[in-house]
Amino acid sequence: MLDIQLLRKDLAAVALRLASRGVTLDTTRIEQLEASRREIQVRTQDFQARRNQLSKQIGQARGKGLDTEVLMTEVTGLGDGLKAAEERLAGIQEELSALLMTIPNLPHESVPAGKGEQDNQEVRRHGVPRSFPLPALDHVEIGENLDLLDFPTAVKISTSRFVLMRGPLARLHRALTQFMLDTHSQEHGYEEVYVPYLVNADSMRGTGQLPKFEEDLFRLSNGMYLIPTAEVPVTNIVRDEIIPADNLPIRLVAHTPCFRSEAGSYGRDTRGMIRQHQFDKVEMVQFVRPEDSYDALEELTGHAEDILQRLDLPYRVVTLCSGDLGFSAAKTYDLEVWLPGQSTYREISSCSNFEAFQARRMQARYRTEKEGKPGRPELIHTVNGSGLAVGRSLVAVLENYQNADGSVTIPEVLRSYMNGASIIARE
RNA sequence: GGAGAGAUGGCAGAGUGGUCGAAUGCGCCGGAUUCGAAAUCCGGUUUGGUGCUUGCACCAACGGGGGUUCGAAUCCCCCUCUCUCCGCCA
């Protein structure tokens with residue numbers, strides 16, 4: 001959510017910055033609503049002040065046994081006007097806040113202008129894609145040849161866009177998860193947290209999934225939602241909290257399954273594990289002081305990159321252009337891993353600074369200090385990123401570590417999680 | 001699933017129709033005292049919003065929503081959540 005003050009003060013500038021995301025702001029409508037809000041709110045509060053004053057006088061008069069008829073007559077006369085003003089004000093504020101909830105975040109000044117994916121800017125590359133004597137297989141062929149990856153059975157049990165993994169492959173998937181969690185919690189300074197996978201609508205509103213993107217979510221019959229990312233439960237830990245300044249920054253990491261309905265991506269990535277309704281992810285979240293959030297974004301992106309480097313997977317870092325930014329993000333780096341089976345880089349992590357956008361929705365604040373004295377609560381900044389998407393990491397390992405005989409070498413750093421094994425081969 | 005109790009400030013806890021945004025205690029902040037500290041004493045200490053003369057005024061909020069009333073933390077209705085006991089259960 002944007003700061004309503006900013007819209008009041010400089011609506012044209014806000015509209016301009018949103019235009020770079022391809023979003024058109026109805027400035028006329030906002031100006032109209034603001035003008036009437038202002039007028040009606042002042043009138044309503046005047047009514048309320050008068051009523052409070054009179055009611056207080058009635059109470060005092062009764063206490064002294066005096067006659068209250070004159071006072072009663074005046075206060076009764078306020079009734080209709082007050083009620084009408086209150087109702088109109090409520091209506092306007094509801095409309096304003098509903099509108100405000102659908103406006104995306106403003107891109108940071110360092111974000112390149114652009115319409116879509118093609119305008120994203122590559123920042124750096126790391127690692128060199130390995131060359132294969134024969135055309136590299138994709139993860140589906142590799143996994144199915146090993147009899148460890150089973151899509152048909154997953155479809156039987158559930159439906160399309162689900163997967164069944166067996167034996168050493170299932171274990172490799174778990175090994176990746178453990179490795180990521182251990183690295184972030186033991187070496188990068190994150191506290192590991194275990195969180196609910198079902199959340200309420202307030203939490204979804206807090207991080208920005210609702211009200212605009214309900215169709216991307218799985219909603220349960222009791223009104224709760226399956227999380228599309230650990231970002232939702234982890235970030236909402238600080239909803240409606242005032243954090244002592246000394247506690248910042250807070251760094252949290254969680255592993256969760258993620259559920260996405262993938263409405264609107266029919267026909268995209270239908271083959272394989274790239275785009276599933278259910279996948280696992282390790283997510284890093286940081287709560288920081290506003291002045292620190294861009295440093296935190298660089299740091300957190302580095303933590304995600306460290307996982308790729310330790311797995312020795314080639315990747316590149318891309319800055320999303322204004323038109324490709326997610327709803328809540330002010331700036332995003334995507335990490336794209338090299339997939340030999342597709343001969344292309346594919347997103348494996350997304351690291352974003354949301355500035356105060358989520359914090360404002362959540363009322364997540366910290367207590368500032370001024371010359372040693374406690375100051376006013378101010379909104380924190382939230383930063384998060386995948387570290388990494390586990391399913392896609394597995395895909396990357398299979399494709400980058402495949403051997404000519406159909407086996408797959410296990411990356412060094414995962415072997416301790418695989419009972420010392422160095423290879424996955426057909427039995 | 002059944003029965004009962006409850007939800008008030010950072011915490012504990014009072015308040016059942018009127019000067020209550022809320023007693024009291026604890027905590028926290030500042031000051032006094034002290035060589036320093038403890039103890040003690042004094043003062044301060046919720047959040048969101050609006051207006052303008054930017055320092056003041058006003059509005060709203062006692063789990064959430066609605067109602068009664070001139071006036072609601074207090075009365076009524078609905079919802080949510082928490083706790084206790086029983087049942088079930090990893």
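Throughout, protein chains are lettered first and strands after them, A, B, ... in sequence-line order, and every chain is numbered starting at 1.
A close approach under 4.0 Å does not occur between any side-chain nitrogen or oxygen of A:R43 and OP1 or OP2 of B:U50. A close approach under 4.0 Å does occur between a side-chain nitrogen or oxygen of A:R367 and OP1 or OP2 of B:U47. Neither OP1 nor OP2 of B:A61 sits under 4.0 Å from any side-chain N or O of A:Q48. When the side-chain nitrogen and oxygen atoms of A:R38 are compared with OP1 and OP2 of B:G51, one or more of them lie within a distance under 4.0 Å. For A:R376, a side-chain nitrogen or oxygen approaches OP1 or OP2 of B:G48 to under 4.0 Å.
If you check B:A7 for Watson-Crick or wobble pairing at under 3.5 angstrom, you find it paired to B:U80. Base pairing annotation: B:A61 forms a Watson-Crick or G-U wobble pair with B:U46, both donor-acceptor distances under 3.5 Å.
Between A:R37 and A:E34 there is a salt bridge, since at least one side-chain N of the basic residue sits less than 4.0 Å from a carboxylate O of the acidic one.
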**Study point:** Chi angles and distances behind the side-chain hydrogen bond (donor to acceptor under 3.5 Å, both in side chains) call for A:N200, A:S203
**Key:** CA-CA 6 Å; A:N200 56 36; A:S203 292; 3.2 Å; yes
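Rounded to an integer number of Å, the gap from A:K83 NZ to B:C59 C1' is 20 Å. Following rounding to the nearest Å, A:L89 (CG) and B:U50 (P) show an atom-to-atom distance of 11 Å. Atom CZ of A:F47 and atom C1' of B:U50 are 16 Å apart (whole Å).
Of the possible donor and acceptor atoms, one in the side chain of A:N105 sits under 3.5 Å from a partner among the backbone N and O of A:F354.
Within 4.0 Å (heavy atoms only), A:R8 reaches sugar-phosphate atoms of the nucleic acid but no base atom.
By the neighbour-count criterion of 12 heavy atoms within 6.0 Å, atom CD of A:E215 is densely surrounded, having more than that number from other residues, nucleotides or ligands.
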